[in-house]
Each structure stands twice: as structure tokens, then as C-alpha cells.
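One structure is given below, encoded as C-alpha cells.
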Amino acid sequence: MKRGDSFEPATASGRLQKSLAEQAYDLLEEMIITLVLPPRSVVTEGVLIDKVGVGRTPIREALQRLSEVGLVRIAPRSGTTITDVDVNDQLLLLEVRRELERLIASSAARRRNGEQAAMLEKMALEMRRAAATDDYLLFLRVDRVFNQCAAESAGNHHLLRAISPIHALSRRFWYMHYRPYDLPIAAIAHAEIMEAIVAQDPVEAGQASDALLDYVESFTKTKTVKSSRKKAHR
């Protein structure tokens, strides 16, 4: 998949045309997560308008949302700064993410409808394709849609609001640090959650979610060790 392509859910909400602000948000979030807009860089509205190809109002609305999830920091008259990535903060984030993800997966397995099941089944195949072809951009885009679809399938709008910013921050951290052999591990672990939800097996879905978070936590801790070693040698 190329930048500008998308992987959209075949749900009622997914079929609705996105507003310019939503399109701007999606593109800017992906640029931040894939480090096209790197941490600590300062950007102006004018630059972002040129990059995204929409007007000032959609850009401002998108930046406000990105600020709310913690990906940018807006300072009046000083521009917008892409937030930094902190390994220790990521571990704290994972404590919350683990509990929310398990609840989402098990609830989605109990409450998902037929349309959501069909979408999750399709996404599981795409995740396994990403694993087989080492397609990191496909992985990121399917993961983003899966996160929303699973939270919607759980039937609890509070969960959707709570998990969305955590997912955005987690995707950026993973993209920044992943190694080639990490992608198949992560993609297959995601596919197994999807398949358990489709099978309407709450126990298996919860266990698959924990297995994914076990991997993510182990992955993150290796970065904490490396970060500490770098500081010790300064």
C-alpha cells in the first residue's frame, strides 16, 4: 500500500465519507507515527497545509485532536511541536493498555455482530499477509482500523474513548524501534485476537490479547535497557 491509500472498514460508519478534518487527522497521524514528522520537530500550519492538501480550518481541527491524544504540543505564536518519545512513559502506558485491551477483546467476542465479524475476518487475513510480506505500512493501517473496530464491537463507547490515544502513542513507539523480525510476531498476534473475536470465544480473545501485550511489554523493556546504557556512557 502507498501513502494516500487506505484500509477502511466495511461498516456503516466506515462507508460514510470522512470530513476534511478527519482526512487531515488520519494523514498527519500517520506522518507522525511513521516519523515523516519526527519527534521534537516544529511545524507550521502553512507547511502542514502543503503536505496534506487541505485548508487551514481542517488542519487546525486535526492538530487539536492530535494534541488531545498527545502526539503534538500546540504553543500559540510558537508553532506546533511533535512530542518526544519516552520509553519509561511507554511502560506506564502499557499498564493501562493491557487491562483495556483484554476487556475490549473479551467484550467484542461476546457482542460483535455479523458485519463486524466479516470485517475482522478480512483484517486477520490482511495481518497474516503483512506478516508474510513484511509490509509494515499495511500492518500499521490494518492495526489502526482493527483498534477502532474491536472497540466498537465491544459495545462500550467509554472504552473507545479511553483506548484511542493509547493506541496512537503505542504505534509510534513500535514503528520507531521495531526490527524486521518483530513485524511477523506482532501481526500474527493481532490476527489471533481477531480470529478469537470472530469465533465468539471471550476467553481465547482475552488470552490472545494478553499474549500480544506480553510481547509488546518485553519489546519495550529491551528499549528501556538500551536507553539506560546510552545514558550511562555519556
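- In this structure, the side chain of S67 does not engage the main chain of L63 through any donor-acceptor pair within 3.5 Å.
- The backbone N or O of I166 sits less than 3.5 Å from a side-chain atom of S170, completing a donor-acceptor pair.
- For the 3.5 Å distance criterion, the side chains of S106 and R111 fail to qualify, holding no donor opposite an acceptor.
- Between the T83 side chain and the G70 main chain, a donor and an acceptor come within less than 3.5 Å of each other.
- Tracing side-chain contacts under 4.5 Å through hydrophobic residues (I, L, V, M, F, W, Y), one reaches F146 starting from Y178; they form part of the same cluster.
- Looking only at distances, no side-chain donor or acceptor of S218 sits under 3.5 Å from a matching main-chain atom of D214.
- Listed by first then second residue, pairs satisfying side chain to side chain donor-acceptor pair (under 3.5 Å) with a partner in residues 181-199 read R128-E195, D143-H190, R179-Y181, R179-D182, D182-Y215, not counting sequence neighbours.
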Practice item. Dump the intermediate steps for side-chain contact (heavy atoms from CB on, under 4.5 Å) on T80 and V42, then the final yes or no. Key: CA-CA 5 Å; T80 297; V42 179; over 6 Å; no

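- Between the side chain of S41 and the main chain of L37, no donor-acceptor pair closer than 3.5 Å is present.
- At most 12 non-hydrogen atoms from other residues, nucleotides or ligands lie less than 6.0 angstrom from CZ of R40.
- Under the side chain to side chain donor-acceptor pair (under 3.5 Å) criterion, the residue pairs touching residues 42-56 are E45-R56, E45-R60, with sequence neighbours excluded.
- A salt bridge links E29 and R171; the closest N-O separation between the charged side-chain nitrogens and carboxylate oxygens is under 4.0 Å.
- The ring of W174 has its center no closer than 6.0 angstrom to the ring center of Y136.
- Between the side chain of E30 and the backbone N or O of L27, no donor-acceptor pair lies under 3.5 Å.
- Between the S107 side chain and the I104 main chain, no donor and acceptor come within less than 3.5 Å of each other.
- Under 3.5 Å, the side chains of H177 and Q90 contain no donor-acceptor pair of N or O atoms.
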